[in-house]
Amino acid sequence: MNIDAVTFLSVDLPALLAALFACLSCALVGNFLVLRRQSLMGDAISHAVLPGIVAGFLVAGTRDTLPMLAGALTAALVAGVMIELVRRLGRVEAGAAMGVVFTGLFALGVVLIEQGPARQVDLDADCVLYGQLEAILWLVPAGWSDLSDPAIWATLPRQVLQLAAVFTICLTIILIFFKEFTLVSFDPALADTLGLKSGLVQHVIVALAALAAIAAFEAVGSILVIAMLICPAATARLYTDRMGPQLALSLLVGGGTGVGGYGLAAFGPSLLGYDMAVNAAGSIAVLAGVILGLSILLAPRYGVLARITGRAVRGVAA
Amino acid sequence: MLQRLLSDNFIPTADAGVGALAVSGLSVAYHQRLVLRDVTWTAPARGLVAVVGPNGAGKSTFLKAVLGLVPALTGTIEVYGRPLKRQRALIGYVPQRESVDWDFPVSALDVVTMGRYGLIGWGRRITGKHRAAAMQALDRVGMADFAHRQIGQLSGGQQQRVFLARALAQEARLYFMDEPLAGVDAATEQTILAVLRELDAEGRTVICVHHDLQTVAETFDHVLMLNGGLIAAGPVREALTEENLRRAYGQRASGLLLGPR
């Protein structure tokens, strides 16, 4: 394997950073979805916002985040109203209503992409599913020595800077209101009796999840967003019983799979002698899934194996 | 007893001449069905209060409506003479054990510390002082040894004691408890009853949803009997009569008080 510095700096580094920040953001906010047993919410958000993103793109004609974000938020609101309508008029449970609405909206988004004017420009269904990490290029640095100049980091591609900003926002809010988020996630009724509006905090949690999902969406696609909202938090839960370590571990797993999955995709095949690279977002998602799967089997206390042997030991003792 | 009265914990009832809780014309509906109709009731100055009534009588709903957790159709709630919203710091709540997810990654001490979040302030760090107070509350219910245990690894009775410790840590004056004695072991029951009597002795008001009619008289001083509305209220001996029970429970009432023990 032989990669020169300029290729790494212009192709791999920006993609790696984008993947890293996308994974960190989703992993962090995903904790509150997973722990509140609302994993489906992440799925719903990342699917339902698609027509909004496409509409924002069509109206603005550019891939700037603001119009797409506005479109996504509108779509999220519309989805919320539709879910409530389907639930009431159809007299079905919330999960079913959510499932119907978000798949419907996602399909509408795909139709918009395939049939609409978006076809003429660079937005297609592949990019929705897998994102386009490989298309994020940083052509400024000419060698390793350039990185020591702080000013050069400001020239990073827009997607990378946006994802870094979103991660910073999510991390700051969650650090400041860690105790409030934990309280509302665990016991919203107590929060209300203490005068903390649990409904408001829950809306903030969902809004942060939407922000992370929408920002990550463009770079890494919907598959990775869903995987990152759920897998790192679910993995971390198997290793710890405390909130602090839970968040730290989920960041470690999210960031680690982001970097590791990208490395596997970009350099793995060439190590095996193939002259190619596989899709990065896809391999990150697969890696996250594999780590979760292994953890479910092997985690020290909550793993399947530990439970079986624990039961056997207790059985012998009894 | 005297020592307890002189301790810092004691709350003089003189300024509470207005009554800890005054509920007036409270009506609550769930899904367009009237669950509670026009309840007017003032908590007694002293003594433990049991809220009784058959399943679906609206006991939990009464608590939640008074706490502002479910919207009331009509009615006013006053806590120590002022609207509930301005008196939140004076109120403690022990919900039913099933109301939370015990798999949540928090320790017993974490949960009890949550009771002090109102005192700590929103967006502020938890200081050692508050952790110490939480630890003290855990100790009071005999759970200090389990402080760092994840809550899912506690028995049902221990979980209930953690919930009670959390309410103690709130240092409230008016407590609402939703069936704190339901399905707990004998040791837990003794601990909880002892704490309830201490709270009463300290001059705090405790209003407790209670399921077991046979033990009402030995534990509580007052009864609030509900079934879709107020059936009866007053000292146990006056309110817990066959006549009232029949009005609340229907014909099944016969023998509810004197059933097999």
Side-chain angles (χ1 to χ4, degrees), chain A residues 30-39 87-88 91 172-201 204 232-250 299-302 306-307 310, chain B residues 31 60 63-64 66-70 79 84-97 99-126 130 148-153 162-163 166-167 169-170 172 174-176 178:
Chain A
N31 281 299
F32 294 95
L33 299 183
V34 168
L35 293 178
R36 295 195 308 148
R37 304 190 185 262
Q38 284 192 331
S39 305
R87 198 177 65 81
R88 290 217 180 142
R91 294 174 186 275
T172 309
I173 294 180
I174 288 174
L175 281 181
I176 293 175
F177 296 109
F178 174 71
K179 116 179 171 291
E180 287 72 18
F181 278 31
T182 306
L183 169 63
V184 166
S185 301
F186 174 64
D187 192 348
L190 178 72
D192 282 322
T193 65
L194 292 174
L196 175 70
K197 290 194 168 50
S198 65
L200 181 71
V201 177
V204 172
T235 304
R237 184 65 190 87
L238 292 163
Y239 293 97
T240 178
D241 277 331
R242 300 294 302 278
M243 273 306 274
Q246 163 79 27
L247 296 196
L249 261 177
S250 70
R301 193 200 286 232
Y302 296 120
R307 287 192 201 194
Chain B
H31 304 300
S60 290
L63 246 54
K64 285 178 187 163
V66 167
L67 286 160
L69 295 178
V70 300
V79 175
L84 168 85
K85 272 188 186 150
R86 300 174 56 189
Q87 304 282 59
R88 294 218 182 270
L90 300 178
I91 295 173
Y93 176 43
V94 179
Q96 284 188 20
R97 193 150 37 89
S99 68
V100 301
D101 175 8
W102 293 93
D103 282 338
F104 207 85
V106 283
S107 69
L109 183 60
D110 290 336
V111 172
V112 177
T113 310
M114 286 178 191
R116 298 192 65 85
Y117 282 7
L119 298 167
I120 295 169
W122 307 122
R124 310 273 285 277
R125 301 271 124 205
I126 300 164
H130 293 289
H148 301 290
R149 195 71 77 82
Q150 194 266 330
I151 51 172
Q153 290 153 24
V162 168
F163 260 9
R166 184 176 75 177
Q170 280 184 258
L174 170 60
Y175 283 105
F176 295 94
D178 204 343

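Every chain is numbered from 1 and lettered A, B, ... according to where its sequence line falls, protein lines coming before strand lines. Values below: every heavy atom of this structure, side chains too, minus hydrogens, waters and symmetry copies.
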Residue set satisfying salt bridge (Lys or Arg N to Asp or Glu O under 4.0 Å) with B:R97, at least two apart, ordered chain then number -> none
By a 4.5 Å heavy-atom criterion (distance strictly below it), what part of A:L175 contacts chain B: side chain, backbone, both, or neither? backbone
Separation of A:R301 CZ from B:Q150 CD (nearest 0.5 Å): 8.0 Å
Residue pair B:L69 / A:D192: nearest heavy atoms and the distance that separates them: CD2-CB, 3.4 Å
Can you tell which part of B:L84 gets under 4.5 Å to a heavy atom of chain A, answering side chain, backbone, both or neither? neither
Measuring only between side-chain heavy atoms, which start at C-beta, is B:P105 closer than 4.5 Å to A:L35? yes
In terms of heavy-atom pairs under 4.5 Å with chain B, which of A:E180, A:K179, A:Q246 leads? A:K179
Can you see which heavy atom on A:F186 is nearest to which on B:R166, and at what distance? CE2-NH1, 4.1 Å
Interface residue of largest heavy-atom contact number with chain A, from B:V111, B:D103, B:I126, under 4.5 Å: B:D103
Taken to the nearest 0.5 Å, the spacing of A:I176 CD1 from B:R125 CZ works out to 8.5 Å
Supply the atom-to-atom distance A:L190 CG to B:F163 CZ, rounded to the nearest 0.5 angstrom. 8.0 Å
Could you go through residues 85-93 of chain B and list every donor-acceptor pair under 3.5 Å that involves a side-chain atom there, pairing it with any protein atom two or more places apart or in another chain?
unit_1 : atom_1 : unit_2 : atom_2 : d
B:Q87  : NE2    : B:V79  : O      : 2.8

If one checks every heavy atom of B:V94 against chain A at 4.5 Å, the contacting part turns out to be neither
Does the distance from a Lys or Arg side-chain N to an Asp or Glu carboxylate O, for A:R242 and B:D110, drop under 4.0 Å? yes
Is it the backbone or the side chain of B:L119 that comes under 4.5 Å from a heavy atom of chain A, or both, or neither? neither
Proximity breakdown for A:S198 and chain B, heavy-atom pairs closer than 4.5 Å: neither
Calculate, to the nearest 0.5 Å, the distance between atoms CE and CZ belonging to A:M243 and B:F104 respectively. 4.5 Å
Rounded at 0.5 Å granularity, tell me how far CG in A:L194 sits from CE in B:M114. 10.5 Å
Between chain A and each of B:G118, B:G115, B:S107, count heavy-atom pairs under 4.5 Å; write down the option with the most. B:S107
To the nearest 0.5 Å, what is the distance between OG (B:S99) and CG (A:D187)? 5.5 Å
Heavy-atom distances under 4.5 Å only: say whether A:F181 touches chain B with side chain, backbone, both or neither. neither
